Amino acid sequence: MKKMVKKNLTSKMLYRMIKDLIIGVLTFLILSGGATSMFQEYLLSSGHFSKLEQKKVEEFQEYIDENQVKITDSKKIRSWIKTKNIREFIISKGTKIYFDNRYEEDIFPGSIKNNTFNYLYSINFVDGQANLYVYDGFADKYYDMISGASIFISIVICILIFGSELQDEIKNIQYLEQKVKKIGSGELGEKVSIDGQDEICQLAVGIDTMRNQLLEQKKTQEKMKEAQDALVLGMAHDMRTPLTGLFSYLEIIKKMEKEGKPAGEYASKAFDKAEQLCSVSDQLFEYFLVSNETNMELEEPEIAKSAFEDYLSEFCAFLECNNFKIDVEDVYWHPVKVRINTNYFGRIMNNLISNVEKYAMRDKPVYLKIIYTPAHIGLEFQNEIVKPNPYVKGTGIGLKNIDLMMKQMNGYAEARISENTYRMRLCFPVVKK
């Protein structure tokens, strides 16, 4: 399989600019050379250029005849050239040059070879015949115009080619702009994808990653909203049931007091309902307190026995004082370390004590175990349950609180409730050495 080569956008642009520049230079050379050749052919075919040169030659011949100029009289020749504003003026004999106006000083005859292929005219000097090449710069402005037009056309062609090559990048940027607008308006279903390996493609990958994160966040928020709605509805049911019973008992007490009858039994039942309401409200308060807490920190790692033993001793002592039997035969400590938040763990133990006190059978033992795995240490609590009160089956807010606090401590809770047995396992990650 051929390995994909990452293409940098800067190197891609640089490559295109160099390539387009070479195309522009070649275009300029072709246009300039072709147009110059065509113009020269036109001048030669029209005869206009040769007529101008012939006129200058005839005027120079008249000057020679009138002033008896020799082939070596460079001062007289140079003086005539200045009056005529001639660009190039070369006198030669065979392959030897006797005068060239491009040189300020006089030329020693024969020191420079004549290699020109331009058209030469015969001139009769006093001391003999020579050849003359003359050019007054008539065509220079046309050559400049040809060069300028060639440069302009070459630049336009370069820009057009470069612009056409940028269309893919421009389309990709416009595509990303549309996708970002859709994401901003909440449309998260369409995938953002561009083929390639440059920075624009990487940007598309980043935007798609952001889209997926927003989509996950939206789903999480929807789940949280559903869970909160269910929690609120369940709590409303949990509170309404004992509240209805409380009002009923209060009405009975009020009626019996008017009749002068004793109402102690109903007052005790009304107090139980009030305690149920208080328990539900406390658990609800604790749930929102834990779920909104952001600055929770775990203590430094310590041996499991030091972290848990005091809490488990208090758990056993409280239950024994309330006539519960405790079985701790499976409690033993290994030298592993854990990290906990003592505030959260204390709340969890209080919640477990409250559950055992309300719903465990007193004539059956409460089992306490410690379970070890390579990655976790688990504290397991098990008891036989009496028939639960109706409001317990509502939201399970107590279990939600325990599960939430365990997750905050990087652990997890497992609750198993059968017809007669309640089992809770708290699993804490073991700190690796």
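Quick caveat: nothing in here was measured; it's all calculated off a predicted structure.
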>> Run R347 and N401 through side chain to side chain contact (heavy atoms under 4.5 Å, CB included) and show every step you take.
In response: CA-CA 9 Å; R347 293 185 193 178; N401 285 337; over 6 Å; no

> Could you walk me through whether E384 and T421 pass the side chain to side chain contact (heavy atoms under 4.5 Å, CB included) check?
Replying inline: CA-CA 5 Å; E384 299 293 324; T421 305; 3.6 Å; yes

> Given the rule in the side chain to side chain contact (heavy atoms under 4.5 Å, CB included) test, do D327 and V366 qualify, once you have shown the distances and angles that lead to the verdict?
Replying inline: CA-CA 6 Å; D327 187 336; V366 176; over 6 Å; no

> Between I417 and Y359, does a side chain to side chain contact (heavy atoms under 4.5 Å, CB included) hold up when you go through it step by step?
Replying inline: CA-CA 12 Å; I417 304 175; Y359 312 123; over 6 Å; no

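Between K364 and N383 the shortest side-chain heavy-atom distance does not fall below 4.5 Å. The closest side-chain heavy-atom distance from E357 to F318 is below 4.5 Å. Between R78 and F89 there is no side-chain heavy-atom pair separated by less than 4.5 Å. Proximity of K407 to D403: side-chain heavy atoms (C-beta onward) are separated by under 4.5 Å at one or more points. Put simply, the side chain of Y311 reaches to within 4.5 Å of the side chain of T342, judged on heavy atoms. Using a 4.5 Å heavy-atom cutoff, the side chains of V386 and R362 are not in contact. Side chains of N410 and F428 form no contact here, defined as non-hydrogen atoms less than 4.5 Å apart. In this structure the side chain of I370 reaches within 4.5 angstrom of the side chain of L379, judged on heavy atoms.
E177 contributes atom CD, which lies 12.5 Å from atom CD1 of I170 (distance to the nearest 0.5 angstrom). For the atom pair CD1 (I23) and CD1 (I18), the distance works out to 12.5 Å, reported to the nearest 0.5 Å. With rounding to the nearest 0.5 angstrom, the CD1 atom of I340 is 12.5 Å from the CE atom of M405. With values rounded to the nearest 0.5 angstrom, L352 atom CG is found 10.0 Å from L312 atom CG. Note: I353 CD1 to N322 CG = 9.5 Å, rounded to the nearest 0.5 Å. Atom OG1 of T27 is separated from atom CD1 of I153 by 9.5 Å, given to the nearest 0.5 angstrom.
Of the options F381, F324, F345, a ring-ring contact (aromatic ring centres under 6.0 Å, His included) to F315 is made by F381 and by none of the others.
Note on D208 versus R211: salt bridge recorded, some NZ/NE/NH1/NH2 to OD/OE distance being below 4.0 Å. Under 4.0 Å is where a charged nitrogen must lie from a carboxylate oxygen, and between K255 and E251 no such pair does.
In E329, the CD atom is not crowded: 12 or fewer heavy atoms of neighbouring residues, nucleotides or ligands sit closer than 6.0 Å. Within a 6.0 Å sphere centred on CE of M361, heavy atoms belonging to other residues, nucleotides or ligands number more than 12. A 6.0 Å sphere centred on CE of M210 holds more than 12 heavy atoms belonging to other residues, nucleotides or ligands.
Taking the six-membered ring where tryptophan is involved, the planes of Y372 and H334 are essentially parallel, since the angle between them stays under 30° and well short of 60°. In this pair, F308 and W333 present their aromatic rings parallel. The plane angle is below 30°, not in the 30 to 60° band.
No donor-acceptor pair closer than 3.5 Å links the side chain of D310 to the backbone N or O of S306. For S354 (side chain) and N350 (main-chain N/O), no donor-acceptor pair under 3.5 Å exists by modelled atom type. In this structure a side-chain-to-backbone donor-acceptor pair under 3.5 Å is present from S164 to I161.
Between L31 and S154, the shortest heavy-atom distance links the atoms CD1-OG, 4.4 Å. R425 and E380 get closest at one heavy-atom pair: NH2-OE1, 2.6 Å. Across M409 and N341, no two heavy atoms sit closer than the pair SD-N, 3.3 Å. Between M406 and C427 the shortest heavy-atom distance is CE-O, 3.3 Å. Taking both residues in full, the closest heavy atoms of A415 and L399 are given as CB-CD2, 4.1 Å, listed atom of the first, atom of the second, then distance. Nearest heavy atom pair, residue A35 against residue I146, reads CB-CG2, 3.5 Å.
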